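Remarks on the structure that follows.
Not measured: the values here are computed from a predicted model.
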Amino acid sequence: VLTLVEAILENPDVVLHRQLDKLKTERMDEMKAQGIEYEQRIAELEEMEWPKPNRDFIYTTFNAFADKHPWIGETNIRPKSVAREMYETFASFAEYVRDYGLQRSEGVLLRYLSDVYKTLTQAVPAAARTDELLDVIVHFRQMLQVIDSSLLDEWESLKDSTGRRVVVHEAVIAEKPRDLAADPKALAVRVRAELHALLKALSARDHAGALACLAPGSTDADGAAWTEERLAAAMAPYWAAHPRIDTTPAARRPHNTIVTRIDDRPFRAQQRIIDPAGDEDWSIDCLVDLDAAPANAADAPGAAPRPLLALQRIGT
């Protein structure tokens with residue numbers, strides 16, 4: 001779905017050319033190591049394109065549609081992989097800008113990601129939004145919220161001539177419900193997004209970033225406050241046995257996050273930690289107490305919602 005959405009959006013040319021430049025550089029190094037002649041190397045580089053996932057399916061389907069709808073005229077489809085690459089690699093906005101040297105073109109990338117998010121929420125029917133797709137949508141919404149909330153505020157707070165708010169899509173995506181406990185689907189989507197952010201920080205050994213993913217004043221099951229040092233100590237046995245944490249989309253699929261109600265209000269959330277071999281003997285265990293962390297209902301306009309996760313333990 002994300003690939004199809006990207007295919008109907010205008011090309012962010014500067015980003016795509018940087019992708020292509022990087023691919024050409026990598027391929028040139030490979031061909032040099034293989035001893036391929038210079039002329040052959042140049043000829044192959046001239047044939048290269050930026051990534052176009054599912055290109056044959058997209059072109060074939062679009063051409064069949066265009067044959068029956070002549071009003072399309074000269075319009076063409078534009079397969080590409082920018083948002084998809086960011087989601088697959090779990091790259092933050094800053095990481096993607098750094099990796100492709102886009103420091104002078106951040107605005108182009110930001111506007112493009114905003115278009116991706118808006119198209120996902122507008123063009124995909126609610127009935128077709130699987131848990132996996134909701135995770136994708138929330139992933140980009142949170143990314144945009146952190147980078148520049150004004151883009152979201154401008155779009156999500158459209159007003160009619162009377163000044164009343166116009167709701168442009170479902171609350172499960174755009175809004176923070178007054179009572180998340182009454183909307184299990186919205187709660188699960190948000191908790192998964194927060195756990196994935198925590199997982200990413202831990203995978204990068206960014207303990208300050210991991211702390212920022214926790215609810216203010218978060219303590220473990222014994223009531224001890226979490227610090228960077230305590231997080232590092234909790235993860236030390238994992239790193240002693242495993243080289244990295246798998247943060248691919250497969251490892252972040254909904255079945256690897258378990259959200260259950262404990263009593264009337266608190267929820268328990270567990271994120272399985274997948275190692276490179278596919279083992280899942282480690283997990284992140286949290287409480288989600290909506291009474292103790294009511295910021296989801298009353299955050300300041302434009303502010304990123306405060307985390308709901310109270311980390312209890314990391315271990316087997």
Side-chain angles (χ1 to χ4, degrees), residues 86-96 98-99 131-132 135-136 138-139 142-143 146 187-263 266-290 292-293 295 304-316:
M86 294 182 75
Y87 187 76
E88 287 183 332
T89 61
F90 217 177
S92 68
F93 185 84
E95 289 169 339
Y96 201 79
R98 180 199 63 207
D99 291 346
D131 287 345
E132 289 87 350
D135 286 344
V136 173
V138 171
H139 175 84
Q142 290 193 328
M143 181 182 292
V146 170
L187 175 64
V189 170
R190 177 164 170 184
V191 168
R192 281 201 303 271
E194 293 192 9
L195 281 168
H196 293 167
L198 176 57
L199 187 70
K200 177 178 173 62
L202 292 174
S203 71
R205 310 192 192 204
D206 176 12
H207 302 117
L211 277 180
C213 296
L214 303 180
S218 181
T219 62
D220 66 13
D222 296 323
W226 287 102
T227 64
E228 294 182 41
E229 292 74 20
R230 291 197 64 224
L231 286 172
M235 288 297 298
Y238 179 90
W239 295 124
H242 307 287
R244 61 182 177 84
I245 294 174
D246 185 356
T247 57
T248 62
R252 290 160 20 226
R253 294 191 66 181
H255 73 270
N256 286 321
T257 307
I258 303 168
V259 181
T260 55
R261 186 189 291 268
I262 303 175
D263 296 311
F267 289 77
R268 187 186 306 280
Q270 182 184 74
Q271 175 66 46
R272 294 168 178 156
I273 300 178
I274 313 298
D275 69 15
D279 295 329
E280 49 187 55
D281 50 333
W282 276 69
S283 67
I284 301 169
D285 296 306
C286 300
L287 291 180
V288 182
D289 190 339
L290 301 180
R306 284 175 283 171
L308 300 176
L309 302 179
L311 178 64
Q312 297 293 284
R313 64 183 293 276
I314 303 172
T316 56

Hey, does V288 have a side-chain heavy atom less than 4.5 Å from the side chain of R268? no
Apply side chain to side chain contact (heavy atoms under 4.5 Å, CB included) to residues D281 and Y238 and explain how you reach the verdict. CA-CA 10 Å; D281 50 333; Y238 179 90; 5.9 Å; no
Could you check whether K200 pairs with E95 (Lys NZ or Arg NE/NH1/NH2 to Asp/Glu carboxylate O, under 4.0 Å)? yes
Can you sort out the partners of E132 under side-chain contact (heavy atoms from CB on, under 4.5 Å), two or more places apart, ordered by chain and number? T130, R253, P254
Would you name the heavy atoms of A210 and A201 that are closest together and state the gap between them? N-CB, 3.5 Å
Scanning both residues in full, the closest heavy-atom pair of P243 with P276 reads CG-CG, 3.8 Å
Mind checking whether L287 and L311 have side chains closer than 4.5 Å, heavy atoms only? no
Mind running side chain to side chain contact (heavy atoms under 4.5 Å, CB included) on D275 and W282 for me, showing each step along the way? CA-CA 9 Å; D275 69 15; W282 276 69; over 6 Å; no
Flag side-chain contact, heavy atom, 4.5 Å: M235 against L202: yes
Would the distance check show the side chain of D222 and the main-chain N or O of A224 forming a donor-acceptor pair, the cut-off being under 3.5 Å? no
Check: Y87 and R252 side chains under 4.5 Å, non-hydrogen atoms: yes
Out of curiosity, R272 CZ to D279 CG, how far, rounded to the nearest 0.5 Å? 12.5 Å
Nearest heavy-atom contact between P307 and P216 is O-CD, 4.4 Å
Go through the steps for Q312 and D285 under the test side-chain hydrogen bond (donor to acceptor under 3.5 Å, both in side chains), then give the verdict. CA-CA 6 Å; Q312 297 293 284; D285 296 306; over 6 Å; no
Rounded to the nearest 0.5 Å, the CD atom of Q270 sits from the OG atom of S283 at a distance of 4.0 Å
Taking the side chain as every heavy atom from C-beta outward, state whether I245 and W239 have any pair of such atoms under 4.5 Å apart. yes
So, taking the atom named CG in D206 and the one named OG in S92, what distance separates them when rounded to the nearest 0.5 Å? 10.0 Å
Are the side chains of L309 and L195 in touch, meaning some heavy atoms are under 4.5 Å apart? yes
Within a strict 4.5 Å, meaning less than it, do heavy atoms of the E194 and L308 side chains meet? yes
More than 12 non-hydrogen atoms from neighbouring residues, nucleotides or ligands closer than 6.0 Å to CZ on R313, yes or no? yes
Could you walk me through whether I284 and L198 pass the side chain to side chain contact (heavy atoms under 4.5 Å, CB included) test, one step at a time? CA-CA 9 Å; I284 301 169; L198 176 57; 3.8 Å; yes
Please name the pair of heavy atoms, one in M143 and one in A91, separated by the smallest distance, quoted to 0.1 Å. CE-O, 3.6 Å
What is the distance from atom OG1 of T219 to atom CZ of R230, rounded to the nearest 0.5 Å? 9.0 Å
F90 and H196 aromatic ring geometry - parallel, tilted or perpendicular at 30°/60° bounds: perpendicular
Here the gap from H139 atom NE2 to M86 atom CE, rounded to the nearest 0.5 Å, amounts to 6.5 Å
Using side-chain contact (heavy atoms from CB on, under 4.5 Å) as the criterion, point out the one residue from N256, T257, V259 that pairs with R192. T257
Output for pair (L231 CG, L211 CG), nearest 0.5 Å, gives 5.0 Å
Verify side chain to side chain contact (heavy atoms under 4.5 Å, CB included) between D131 and H255, making sure each step is shown before the conclusion. CA-CA 10 Å; D131 287 345; H255 73 270; over 6 Å; no
Within the structure provided, determine whether F267 and T260 are in side-chain contact (heavy-atom separation under 4.5 Å). no
